[in-house]
Amino acid sequence: MKLRANLVIGGVLFALAVLVGLLAPWLAHTDPVLDANLMNAEEPPSWTWWFGTDDQGRDIYSRVVYGARVSLTVGIVSQLINSVIGVALGLSAGYFGGWWDDVVNALTNLMLAIPSLIFALAIMAVLGPGLTSLLIALGLTNWSFTCRIARASALSLRSQGYVQAATVLGYGELRIMVTQLLPNMLGPIVVIGTLGMGSAVLSEAALSFLGLGVRPPFPSWGSMLSDAREQITTAPWLSIFPGLAIFLTVLGLNLLGDGLRDILDPQSRSRRT
Amino acid sequence: MLSFLFRRLLQTIPTVLAVVLLVFVLFSVVPGSIASSMSDDADPQVELRMKKQLGLDDPVYVRFGKYIAKLTTGDFGTSFRTREPVTSMIAKRAWPTLQLIFAAMAFAIAIGVPLGFIAALKPGGIVDTLAMVVAVSGLSIAKFWLGLVLMYLFALKLGWLPSFGYGDGGLKYLLLPAVTLGVSPMALFARTTRAAVLEIMTADFVRTARSKGMSEARVVKWHVMRNALVIILTTVGLQFGGLMGQAVVVEKLFSWPGIGSLLVDSVLQRDIPAVQGSILVVVLAFLAINLLIDVLYGVIDPRIRYA
């Protein structure tokens, strides 16, 4: 029963974050960027200002709500890029073997040798700050685990009877990979993808915090925290709410990933880490 | 043992070369001229002279050759900004970073491993549930947010610890950054240890040990702990790389004068030699630690050495 709790709590938290992002224009009280009024600067949380206001008098609640869009877009899109790269490389390497397998292995080892946040930082340094750069930087730097899993699955699956049957039936190689191998390795890939989304949300926040993420004034949870650092003594609420938003979203994704693993990848259930 | 070490050392060389190439290629395609971003003076002659000074007027392959040649002598080039050798900039900052990473790791191991162990001894119990709640929360928290919260509580509200800076490098200054950095590996170690212990508890050799009348304490000490250690060690090794990445954020937050904050500052100022140098040093350190962990495996589990 405990396993179900993971899935339900995680699913609800993540769904909530997605809904908040989608419904931001309706949920927000004010415009997150334009509605600045110095008369309302640094108001603590109250009935009027649920999460308080910042030094420019902008409503923190509205900014947190809009910030969900950036964080989730980066989390979902960059992880999708990672999954596609990882599956394409891993699946083909495991299926074809030979020199291609060696090349993919070397690439994977290289990726594993560079801490992904450092790599993303380097790419951001080249591309400059901004949403597109973030998607590229985080989308290119976290596919090695997916690749390893896809390769290992392809290696073990390619000798299965049904794959050989498909070969005998004259299926093309691409068709075999997509229709025979891919569906059978999807479970662990989805699990890694879900957990990867969580770490992408954290990385986005970290890069924005370092001043390399989304450009101000548009809110992202990371950049809000970056601004909040200066005012931690006078206005601690500026730090609390964006940080909580990140925590709850990532917690949701992590619980969801754990729950999915229990269902989709039963082999690893006993060695759950 | 020596041949094992030698073999592993040889395997690392291509990776190091690939990283050097990658780091170089990444930054030799930086759009826009670095020299022009350095001064407001747009005089093309000045720009040309600066490029010549910085060695940027050569073709890419010549620059790469020169770069490799310099690297082999331990020369990472000269900082565009401070005109200081990057090697000495990094050397000055290596110790604070090492201090931070090892302190964070010590915190993570000291709390995480026992927590996972205790949790696994009674799976499903209150301790287990609580430990896993702590673990999943630790993995979900944004490090710099945790750092901000700790800073607010322990430095600004309670006044027990300094809020940021290196000071004399003492424990007082180290504590908050190290705990901030150590929380997510701590969570991971708790989960890994718990999973490893649970799995080993059901292994045949544990059942045999119990059935021949060995006391539970001895079973845990002789069979479970030793076997779990290999798995824990792997996780510890893998986490070092992640920690070096995360240290960037923590160092920046606490104004800790390490390689991570050098990297961020250099990135923000487009100081390419300093960026390249810091990334290379971090990757080399990561590879060295993984090598060390591999050697340690051989010591703990002789089966690996002969494989």
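Note on naming: letters A, B, ... go to the chains in the order of the sequence lines (proteins, then strands), and numbering restarts at 1 for each one.
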Residues [X] and [Y]: side-chain donor-acceptor under 3.5 angstrom:
{"X": "B:S140", "Y": "A:N254", "value": "yes"}
{"X": "A:S116", "Y": "A:N142", "value": "no"}
{"X": "A:E204", "Y": "A:S208", "value": "yes"}
{"X": "B:S261", "Y": "B:R93", "value": "yes"}

Crowding at CZ, B:F117 (>12 non-hydrogen neighbours, <6.0 Å):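 Yes - once you tally the heavy atoms of other residues, nucleotides and ligands closer than 6.0 Å, there are more than 12.
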
Exceeds 12 heavy-atom contacts within 6.0 angstrom, atom CD1 of B:I126: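 At most 12 heavy atoms, drawn from other residues, nucleotides or ligands, come within 6.0 Å of this atom.
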
Top contributor to chain B contacts, counting heavy-atom pairs under 4.5 Å, from [options]:
{"options": "A:L112, A:I240, A:T249", "answer": "A:I240"}
{"options": "A:L248, A:L255, A:L110", "answer": "A:L110"}
{"options": "A:L202, A:L253, A:L207, A:V201", "answer": "A:L202"}
{"options": "A:L121, A:V250, A:I246", "answer": "A:V250"}

Which atoms of [X] approach chain A - backbone, side chain, both or neither, heavy atom under 4.5 Å:
{"X": "B:L253", "answer": "both"}
{"X": "B:L287", "answer": "side chain"}
{"X": "B:V282", "answer": "side chain"}
{"X": "B:I141", "answer": "both"}
{"X": "B:L268", "answer": "side chain"}

Residues B:S184, B:Q246; criterion side-chain hydrogen bond (donor to acceptor under 3.5 Å, both in side chains); working and verdict: CA-CA 10 Å; B:S184 72; B:Q246 301 297 335; over 6 Å; no

Whether A:F209 and B:F144 hold their rings parallel, tilted or perpendicular, with breakpoints at 30° and 60°: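 Aromatic pair A:F209/B:F144 classed parallel.
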
Heavy-atom pair count under 4.5 Å with chain A, highest-scoring of B:V19, B:V23, B:V16: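 Greatest number of close heavy-atom pairs with chain A: B:V19.
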
Side chain / backbone / both / neither for A:L212 at chain B, heavy atoms under 4.5 Å: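 For A:L212, the side chain is the part near chain B, not the backbone.
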
